[in-house]
Amino acid sequence: MLGELLFVLFIGVVCIAMTIVGGIWLVMRVWRRKLSRTVAKVNLECGTNFEMSSTAVMGSWIGKALLFDQKNKKLMLYSNGRYTLHNYDHIRGWNLHWIESTGPAGNIVHKGVRVVIEMNDLNRPLQSFPMSSKSQGDVWNQRLALLLNR
């Protein structure tokens, strides 16, 4: 009896986990599709050349993103279905931030990794973009230096 109850409980937990993962996947897919449509519209209307590649889009697939048009030296700040276009010189600088702690095995763990970009914008002078790891943050740190020639 107890074994059957534990089995049913296990199946219930697995179903809930699959539902959560599926929901997250669906939200990410809808957000990416919305961003793709916005990019296509902006490229058509403004003559820009924004791409949806991993080297041209900084940010999470849910929330905000910063896209780079290398050909025209433009950037697009996208957030909640809205966007603004700027020249590369709109970025004044950037820093990589993280919190370092010691993990259970005595190893160093980096938490809260994000790239903070300083913008020429009185209303929103700092834009923060979460990274999945410090190595991803390091890559974007170098990529920004190459894109902006700094």
Side-chain angles (χ1 to χ4, degrees), residues 11-150:
I11 296 298
V13 168
V14 168
C15 288
I16 290 171
M18 288 175 62
T19 302
I20 291 170
V21 169
I24 291 170
W25 176 83
L26 182 62
V27 168
M28 288 173 58
R29 185 171 175 191
V30 168
W31 189 87
R32 185 178 168 106
R33 189 177 302 155
K34 192 173 183 180
L35 177 59
S36 293
R37 275 185 260 163
T38 301
V39 166
K41 175 185 166 201
V42 169
N43 284 342
L44 186 65
E45 292 176 359
C46 301
T48 53
N49 192 31
F50 292 106
E51 298 175 20
M52 289 294 296
S53 70
S54 61
T55 59
V57 179
M58 181 171 64
S60 65
W61 292 112
I62 303 173
K64 66 180 171 181
L66 188 63
L67 293 88
F68 296 89
D69 173 356
Q70 295 177 45
K71 181 180 174 188
N72 298 301
K73 305 289 186 206
K74 298 275 185 191
L75 52 99
M76 178 195 307
L77 182 60
Y78 179 88
S79 179
N80 298 322
R82 297 181 183 165
Y83 67 90
T84 54
L85 298 177
H86 307 281
N87 293 321
Y88 275 11
D89 63 1
H90 191 68
I91 294 179
R92 295 176 47 230
W94 65 91
N95 291 296
L96 183 59
H97 293 263
W98 69 88
I99 298 168
E100 212 168 82
S101 63
T102 305
N107 57 328
I108 295 175
V109 178
H110 301 103
K111 298 178 181 178
V113 180
R114 64 196 182 284
V115 173
V116 178
I117 298 183
E118 302 167 21
M119 306 282 225
N120 284 326
D121 186 336
L122 287 173
N123 296 321
R124 306 257 347 240
L126 298 176
Q127 296 285 340
S128 182
F129 295 89
M131 299 286 130
S132 61
S133 65
K134 184 170 178 303
S135 60
Q136 183 192 27
D138 289 335
V139 167
W140 270 106
N141 194 29
Q142 291 302 312
R143 200 171 277 153
L144 286 167
L146 292 169
L147 284 167
L148 304 174
N149 294 321
R150 296 184 197 167

- prompt: So, do N95 and E118 sit near enough that their side-chain heavy atoms are less than 4.5 Å apart?
  reply: yes
In short, N72 meets G47 closest at the heavy-atom pair ND2-O, 3.5 Å
M52 and S36 have their tightest heavy-atom pair at CE-OG, 3.5 Å
Report yes if some heavy atom in the side chain of N141 is under 4.5 Å from a heavy atom in the side chain of V115; otherwise report no. no
One should read off an interatomic distance between T38 OG1 and Y83 OH, to the nearest 0.5 angstrom, of 7.5 Å
Heavy atoms of L35 and A65 approach each other most closely as CD2-CB, 4.4 Å
Heavy-atom nearest pair, M131 first then M58, reads CE-CG, 3.7 Å
When every non-hydrogen atom of N107 is compared with those of P104, the smallest separation belongs to OD1-N, 4.2 Å
Practice task
Check the pair M76 / D69 against side-chain contact (heavy atoms from CB on, under 4.5 Å), numbers first and verdict last.
Solution key: CA-CA 8 Å; M76 178 195 307; D69 173 356; over 6 Å; no
Next on the checklist: Just so I know, are the side chains of L85 and K74 near enough to count as touching, which here means a heavy-atom distance under 4.5 Å?
Outcome noted: no
Kindly indicate, with the supporting measurements, whether the criterion side-chain contact (heavy atoms from CB on, under 4.5 Å) is fulfilled by Y88 and Q70. CA-CA 9 Å; Y88 275 11; Q70 295 177 45; 3.9 Å; yes
V39 and F50 have their tightest heavy-atom pair at CG1-O, 3.6 Å
Discussion item. Is the positively charged end of K64 above the ring of F129, judged by distance under 6.0 angstrom from the centroid and angle within 45° of the axis?
Written reply: yes
Passes side-chain contact (heavy atoms from CB on, under 4.5 Å), D121 versus T84? Steps please. CA-CA 11 Å; D121 186 336; T84 54; over 6 Å; no
Between the CH2 atom in W98 and the NZ atom in K111, the distance rounded to the nearest 0.5 Å is 15.5 Å
Exercise. Is the number of heavy atoms from other residues, nucleotides or ligands within 6.0 Å of CG (L146) greater than 12?
Worked result: yes
CG of L67 to CD of E51, rounded to nearest 0.5 Å, is 10.0 Å
Between the CG atom in L126 and the CZ atom in R92, the distance rounded to the nearest 0.5 Å is 8.5 Å
Interatomic distance, NE2@H90 vs CG@L148, rounded to 0.5 Å, equals 12.0 Å
Note to self: Contact between D89 and N120 at the side-chain level, heavy atoms closer than 4.5 Å - yes or no?
What the structure shows: no
Interatomic distance, CD1@I117 vs CD1@I91, rounded to 0.5 Å, equals 4.5 Å
Can you find a pair of side-chain heavy atoms, one from L77 and one from Q127, that are under 4.5 Å apart? yes
